[in-house]
Amino acid sequence: MSSPSPSSSLAQVRQARLDKIQRLREMGLNPYPSRASRTHFCADILERFEEIEGQKVTVAGRLMSWRKHGALSFGHVQDQTGRVQLYVRRDTLLPTDAAENRLGYEHLNLLDVGDIVEAEGEVVRTERGEISVKAERIRLLTKSIRPLPEKWHGIQDREIILRKRYLDVTHNPEQLKRYELISRMVFEVRRFLDARGFLEFQTPVIQPQYGGGTARPFTTHVNALDCDMYLAISHELYLKRLIAAGFDRVYTVGRYFRNEGIDRTHHPEFSMVETMTAYADYTFNMDLIEELFRHLATHVFGRTTFNVAGHAIDFGQPWRRVSMADAVLEATGVDFRNITSPDEANARLREMGLTEEQPTVGHAMAYAFEEKAAPGLIGPALVYGHPVEISPLAKPMAEDPRFAERFEIFIAGMECGDNWSEQNDPVTLLERWKQARDLAGADPEEHHPLDYDFIEVLEHGIPPTTGIGPGIERMAMIFLELENIDDIIFFPLMKPVVSPVNRAIYGIEERPGLPSRLPAVTLDPESFSQLVRDDVFRPLAKTILVRPHLQVWAQGAPRKAWHATVSYEIGGLLDHNRLVVTGPTLTAQSEEEFERLCEAATENGANGFAETLKEKFRGCRVEFAPVSREHAPRVAQEG
RNA sequence: GGGUCGUUAGCUCAGUUGGCAGAGCAGCUGACUCUUAAUCAGCGGGCCACAGGUUCGAAUCCUGUACGACCCA
């Protein structure tokens, strides 16, 4: 066998390591065994050194460094708890043994930094004073064939950190610790609620209506039911159904999906713990949320004061509780409780320098609060008693029905949660819902569709109920003192990419990409064929992909007519634009006829110019993608 | 949505006025019995993000595109 060529592009480094695997196999060793026999974690050995010095232990983990020094070698093994040094001597390491998958000293060059290894030996302190495992046996557990990032600087490129978090975390144990804390935080949320008699439930992520909040949903299609559905924007309405069923304290640690912007504090997919408590009002939740934060601070993070956006926030003290009217009075000197007309309220706003006209006294007070009082609430503070005009889903207060049984959490001037006594009067709720829909039109950020099934639940009756929904990531950002949600979410959402290096290594063929938001160049089939014959197009890839597309704009009822337009998207000829070739418009009187026409049009139409493509570009494959179909949005189902 | 910036070897980064593409780590070969960013000697490794343009000549200047970061709303 020829020695590996001395070179080091990634592909060549990888090949050198694959060659080592080959040599291991020839020696009868398994580069990917399944059995490991760790007895101690690294941190145990370091922390309990006095106790276990001289004992024989087995550690296992990733080999993070390797320093060969003639008949003596040193390295570090890293596991979930930390790193411990391996101290290896030629004269005391047992020789290679295939049955034990063991490597002797002369074969240690088959190991690489990054491999997963196991070492058995005595716990000692080296002459230089480092606590180490003096290895008698070294076993390879997993051969790594990709090099780790630079050992001193690690990964600096933010994009690679986010895309390959596992590499960043491998290099930075403090990052590993951070994600461990987030995991422990969720565990403690469960323990906290469990201790208070709450039961955890799984609620559906795929929902037929996107109720329980106002946000743009992700849409999906359930094939088995042939039905469009939505990913949960909230789990609230299902928790209330559980209350209707007779459970009095329920919660879910749920996944929430909102098809909206991504920024420092927002991510399309996130988690919340959402509770629902029967036979309690919003004051119960004011206590609950305060205790929850205090519990997490002390039990997970071991302290009560945290630096949030430059402010020292102490969760150990009782939180300030202030009515919104009092908060505004304090900040502006105006008591909106004494104001009776919108005109007067707007006059007061103008005196404060707030010029946006407000429709009601309640709106005016909320506006003044948001602009003048909220930024000063360093807190943590609980602001209660919102105007009913802006609280359609909350119950009005019995003692003053102008204000709702509702509170918001403020930490360092930021709103961190919204909670209320749930409106359980089905008639009132249905009215409010319809009003909101009429006001907002079709914007899902302003209202959500009517969920008659849920109204029916309320008609059967649910007890007085109240819930909280603190966000997992938001809480983690506060407790970990981080301002970027990407530092909390281990796998942030990013556009998929394939690096040129991986393309080469794995032999991934460059597929004609069809990103839909590129501007389109549209041609009729005759012009297109002519341009192909005139050598206007040059293929950019080995495959030219033809993707037939059906835009269905009428389907059956109410007029018993079927209409669709056919088009063909051609991938692999244009780089910065989509290339679209138009097709026929189909009209049919029955579903069977329509399906027949669709089939014929997508095949025959494509073949018309496909023949030209095949003739002209003989070196390329002309492939057909499955037909995609788009239905025009259904109009006015209701009313 | 707006602005600013980035993209050079697997990783971290240089690259002057537009003139042969550079280093460290990692890799390969060898030496070395207490190293820990080991050291020493030697050897390799590049679609300078992509596509155009200007130019005798472009990593460098111009335009566009992609991906990303930061700031603002």
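Chain letters run A, B, ... following the sequence lines, proteins first and then strands; every chain starts at 1.
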Using only atom types and a distance under 3.5 Å, with no angle test, would you say the side chain of A:Lys143 pairs donor to acceptor with the backbone of A:Leu110? yes

Assign A:Leu162 to base, sugar-phosphate, or nothing according to its heavy-atom contacts below 4.0 angstrom with the strands shown. sugar-phosphate

Pick base, sugar-phosphate or nothing for A:Leu167, based on heavy-atom distances below 4.0 Å to the nucleic acid. nothing

Partner of B:G45 by Watson-Crick or G-U wobble geometry, both contacts under 3.5 Å, or none? none

Under-4.0 Å side-chain N/O to phosphate OP1/OP2 contact, A:Arg67 with B:A37: no

Euclidean distance for C1', B:C34 against B:U8 (whole angstrom): 40 Å

At under 4.0 Å between heavy atoms, what does A:Arg90 touch on the DNA or RNA strands: base, sugar-phosphate, or nothing? nothing

Just checking A:Lys134: base, sugar-phosphate only, or nothing, at a heavy-atom cut-off of under 4.0 Å? nothing

B:C28, OP1 or OP2 - any side-chain N/O from A:Lys20 closer than 4.0 Å? yes

C1' atom, B:U36 versus B:A41: distance in rounded Å? 22 Å

Give the ring-plane orientation class for A:Phe479 versus A:Phe306, where under 30° counts as parallel, over 60° as perpendicular and anything between as tilted. perpendicular

Categorize A:Thr126 for me: base, sugar-phosphate, or nothing, with a 4.0 angstrom heavy-atom threshold over every strand shown. base

Provide, to the nearest angstrom, the distance between the NE2 atom belonging to A:His266 and the P atom belonging to B:A73. 14 Å

Using a cut-off of 4.0 Å on non-hydrogen atoms, how would the nucleic acid contact of A:Gly75 be classed: base, sugar-phosphate, or nothing? nothing

Looking at A:Glu130 and B:U36, is any side-chain donor or acceptor paired with a base atom of the opposite kind under 3.5 Å? yes

Touch class at under 4.0 angstrom, heavy-atom based, for A:Arg146 against every strand present: nothing

Counting only Watson-Crick or G-U wobble pairs whose two distances fall under 3.5 Å, which nucleotide matches B:A9? none

Mind checking the C1' distance from B:U29 to B:G45? Whole angstroms is fine. 15 Å

Quick one: CD on A:Gln15 to CD on A:Gln22, what's the gap to the nearest 0.5 Å? 10.0 Å

Work out how far the P atom of B:A23 is from that of B:U65, and round it to whole angstrom. 36 Å

d(CH2, A:Trp152; P, B:C25) in whole Å: 13 Å

If you measure from the C1' atom in B:A59 to the same atom in B:A49, how many Å do you get, rounded? 12 Å

Using the C1' atom on both, measure B:A26 against B:C20 and round to a whole Å. 27 Å

Mind telling me whether A:Tyr87 and A:Phe74 have parallel, tilted or perpendicular rings, with 30° and 60° as the class edges? parallel

NA contact type, A:Asn484, heavy-atom cut-off 4.0 Å: base, sugar-phosphate, or nothing? sugar-phosphate

Strictly by modelled atom types, are A:Thr58 and A:Arg38 linked by a side-chain donor-acceptor pair under 3.5 Å? no

